[in-house]
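Proteins get letters first, then strands, A, B, ... in listed order; numbering begins at 1 in each.
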Protein chains: 2
Amino acid sequence: MEIHLPHLDSVFSTDCVIFGFEAGELKVLLIERNEEPFKDWYALPGNIVGPDESVDAAAQRILYELTGLHDLPMRQFHTFGEVNRHPQGRVVTIAYFALIRIGGQKDLMPITQYARKAFWHPVNDLPTLAFDHTEIFKRAFKKIRAKLNYEPIAFELLPEKFTLTQLQSLYEAVLSKQLDKRNFRKKMLSYGFLKELAEKQKGVSYRAAKLYKFDRRKYAKIFQNEIAS
Amino acid sequence: MEIHLPHLDSVFSTDCVIFGFEAGELKVLLIERNEEPFKDWYALPGNIVGPDESVDAAAQRILYELTGLHDLPMRQFHTFGEVNRHPQGRVVTIAYFALIRIGGQKDLMPITQYARKAFWHPVNDLPTLAFDHTEIFKRAFKKIRAKLNYEPIAFELLPEKFTLTQLQSLYEAVLSKQLDKRNFRKKMLSYGFLKELAEKQKGVSYRAAKLYKFDRRKYAKIFQNEIAS
DNA sequence: AGATAGTGTGTATATATTACACATTAAATT
DNA sequence: AATTTAATGTGTAATATATACACACTATCT
């Protein structure tokens with residue numbers, strides 16, 4: 001039996017690529033769709049922008065509706081404007097990415113019926129995604145890999161207090177390469193925006209590491225003269 | 001007498017920020033509008049995307065119609081999605097930039113009646129522009145300033161054969177700062193992607209400088225392992 | 001007391017960046 | 001022919017940054 005789908009006029013939508021970091025792995029937030037087309041498929045959280053909301057606001061609303069997450073600092077990274085991206089008609093999609101601390105939120109929980117569930121999936125070994133979401137994801141991943149080297153995005157993925165080893169392991173996960181421990185520490189500390197805390201790591205069965213936090217204030221002071229991206 | 005304007009449904013448009021370099025100055029391509037709203041104002045070349053063309057293709061078509069330029073390597077840099085950008089209704093605009101050699105083309109000449117003329121204007125001291133085009137321009141300018149440091153975009157603005165002094169003057173114009181001649185040359189040449197030609201500059205009333213050209217092949221070879229933007 | 005597992009640290013070498021000044025050349029002028 | 005003009009083309013020393021590399025220390029567990 002064929003499913004009848006209405007034809008859509010030109011519309012725009014947003015898709016969000018939300019990255020998280022957990023158990024030494026970089027992960028991306030997916031939903032399981034509960035709607036045609038691509039019902040039951042995995043997809044990036046995304047939907048149609050309303051006529052009376054800005055695209056930025058729509059991205060926030062849609063993410064909330066599909067996953068329960070709200071008020072993330074989302075950044076636009078590309079707009080996908082090919083003609084045949086959507087089986088039901090012309091859709092231009094403005095894509096966003098954000099990086100968050102997994103677990104910093106309460107559980108993931110779709111608010112609407114468009115998604116059956118929302119879940120984290122490691123970026124390596126992603127399943128096939130609906131629409132052109134695999135391409136959208138790849139582009140976002142490339143972007144954050146590049147940004148990692150010149151913007152302090154790593155700290156958005158880590159808990160507020162973190163060890164230098166955790167920071168390094170995040171860099172290694174995102175860049176897919178090993179880094180030298182001594183050089184990594186020397187460099188990170190040389191920037192001067194990491195604040196060493198009195199506190200130490202807890203609950204480990206070996207020597208506990210010092211905790212640090214990212215001092216956004218100092219960062220801004222140090223890099224205020226640089227050209228922003 | 002009031003002008004009646006039709007209400008538009010949600011549509012998308014493209015705007016292009018085309019940079020050129022002439023007489024030691026960075027310039028941007030503007031049009032003089034011949035249509036409401038903002039009739040007679042200066043603006044970036046832009047218009048509505050058709051239902052059956054990709055956004056990238058639309059950007060090319062629209063630029064051609066308004067200025068006569070075609071087949072430029074245009075790159076998307078931001079999408080403007082606020083609700084009240086356009087007095088006639090909701091318009092989401094995908095913005096592109098490109099860099100070209102002024103004079104490499106025949107004259108600028110609008111093909112359609114939407115623009116009365118197209119012309120180059122120095123980026124410093126821009127006139128007031130229609131819509132939010134000043135903001136769009138600024139964002140593009142910021143982008144190319146940043147890119148100049150990690151992508152070979154300078155060569156898109158220069159003639160095929162150029163002197164190192166011309167190259168330096170371009171860097172100085174875009175970055176708005178003076179650079180040291182010896183260090184600049186040392187660094188540029190150290191990359192290994194500039195090819196020194198046998199030929200020399202002509203028609204100058206002083207010692208003629210050596211000409212160089214950008215060797216795209218070598219560039220690709222040298223930077224193939226780097227993360228692209 | 002010993003084993004385990006990860007933390008924390010320094011130095012030497014190579015590479016890149018910065019600061020800085022003058023002789024050379026081609027054309028134009030006298 | 002000699003001089004003026006205006007810009008080209010070049011080197012070195014000092015400093016800062018990046019890389020390569022290994023082992024003693026410490027907290028917990030057994």
Side-chain angles (χ1 to χ4, degrees), chain A residues 21 23-25 146 148-150 152 154 158-159 161-173 175-213 219 222-223 225-227, chain B residues 21 23-25 148-152 154 158-159 161-173 175-213 219 222-223 225-227:
Chain A
F21 184 66
E25 270 191 317
L148 191 64
N149 291 312
Y150 59 89
L158 290 175
K161 301 169 183 182
F162 52 85
T163 68
L164 292 179
T165 301
Q166 285 164 355
L167 184 60
Q168 182 177 345
S169 120
L170 167 52
Y171 270 77
E172 291 178 336
L175 302 176
S176 303
K177 69 175 176 194
Q178 297 292 107
L179 301 171
D180 177 85
K181 181 158 64 157
R182 276 176 292 189
N183 292 339
F184 180 81
R185 285 165 180 241
K186 206 188 316 171
K187 190 168 168 185
M188 278 297 156
L189 293 173
S190 78
Y191 290 134
F193 53 58
L194 291 184
K195 186 171 177 181
E196 184 179 328
L197 303 176
E199 213 172 332
K200 294 202 165 183
Q201 200 179 22
K202 272 178 189 136
V204 290
S205 73
Y206 47 79
R207 176 178 180 183
K210 281 182 203 158
L211 290 169
Y212 290 81
K213 67 189 225 189
Y219 176 84
I222 297 165
F223 293 99
N225 298 319
E226 303 240 335
I227 295 163
Chain B
F21 184 66
E25 270 191 317
L148 191 63
N149 291 311
Y150 58 89
E151 286 189 29
L158 291 175
K161 301 168 183 183
F162 52 85
T163 67
L164 291 178
T165 302
Q166 285 164 356
L167 184 60
Q168 182 178 342
S169 121
L170 168 52
Y171 270 76
E172 290 178 337
L175 301 175
S176 303
K177 70 174 175 194
Q178 297 292 107
L179 302 171
D180 177 86
K181 182 158 65 156
R182 277 176 291 190
N183 292 339
F184 180 81
R185 284 163 181 243
K186 205 189 318 172
K187 191 166 166 186
M188 278 297 156
L189 293 173
S190 78
Y191 290 135
F193 53 58
L194 291 184
K195 187 172 177 182
E196 184 180 328
L197 304 176
E199 214 172 331
K200 293 203 165 182
Q201 200 178 22
K202 269 175 193 141
V204 291
S205 73
Y206 46 82
R207 176 179 182 183
K210 281 182 202 157
L211 290 170
Y212 289 80
K213 66 192 229 190
Y219 176 84
I222 297 164
F223 292 100
N225 298 318
E226 303 240 334
I227 295 163

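Remark: B:Lys186 pairs with B:Asn183 by the side-chain contact (heavy atoms from CB on, under 4.5 Å) rule, at least two apart or across chains. The side-chain contact (heavy atoms from CB on, under 4.5 Å) test applied to B:Leu189 returns B:Leu164, B:Leu194, B:Tyr212, not counting sequence neighbours. Listed by chain and residue number, B:Leu167, B:Gln168, B:Tyr171, B:Leu179, B:Met188 satisfy the side-chain contact (heavy atoms from CB on, under 4.5 Å) test with B:Phe184 (two or more places apart in sequence, or in another chain). With sequence neighbours excluded, the residues forming a ring-ring contact (aromatic ring centres under 6.0 Å, His included) with B:Phe162 are B:Phe155, listed by chain and number.
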So which protein N/O to nucleotides 5-10 of chain C N/O distances come out below 3.5 Å?
{"unit_1": "C:dT7", "atom_1": "OP1", "unit_2": "A:Thr165", "atom_2": "OG1", "d": "3.0"}
{"unit_1": "C:dT7", "atom_1": "OP2", "unit_2": "A:Thr165", "atom_2": "OG1", "d": "3.2"}
{"unit_1": "C:dT7", "atom_1": "O2", "unit_2": "A:Arg207", "atom_2": "NH1", "d": "2.7"}
{"unit_1": "C:dG8", "atom_1": "OP1", "unit_2": "A:Lys210", "atom_2": "N", "d": "3.0"}
{"unit_1": "C:dG8", "atom_1": "OP2", "unit_2": "A:Arg185", "atom_2": "NH1", "d": "3.3"}
{"unit_1": "C:dG8", "atom_1": "N7", "unit_2": "A:Lys181", "atom_2": "NZ", "d": "2.8"}
{"unit_1": "C:dG8", "atom_1": "O6", "unit_2": "A:Lys181", "atom_2": "NZ", "d": "3.2"}
{"unit_1": "C:dG10", "atom_1": "N1", "unit_2": "A:Arg182", "atom_2": "NH1", "d": "3.4"}

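A heavy-atom distance below 4.5 Å is found between the side chains of B:Thr165 and B:Arg185.
Atoms NZ (B:Lys177) and P (C:dA19) sit 10 Å apart, rounded to a whole Å. Whole-Å rounding puts the A:Leu179 CG to D:dA18 C1' distance at 13 Å. Following rounding to the nearest Å, A:Lys187 (NZ) and C:dT15 (C1') show an atom-to-atom distance of 14 Å. Between the CZ atom of A:Phe184 and the C1' atom of D:dA20 there is a distance of 17 Å, rounded to whole Å.
Residues in residues 187-196 of chain A take part in these salt bridge (charged side-chain N to carboxylate O under 4.0 Å, His left out) pairs, two or more places apart or across chains: A:Glu196-A:Lys210.
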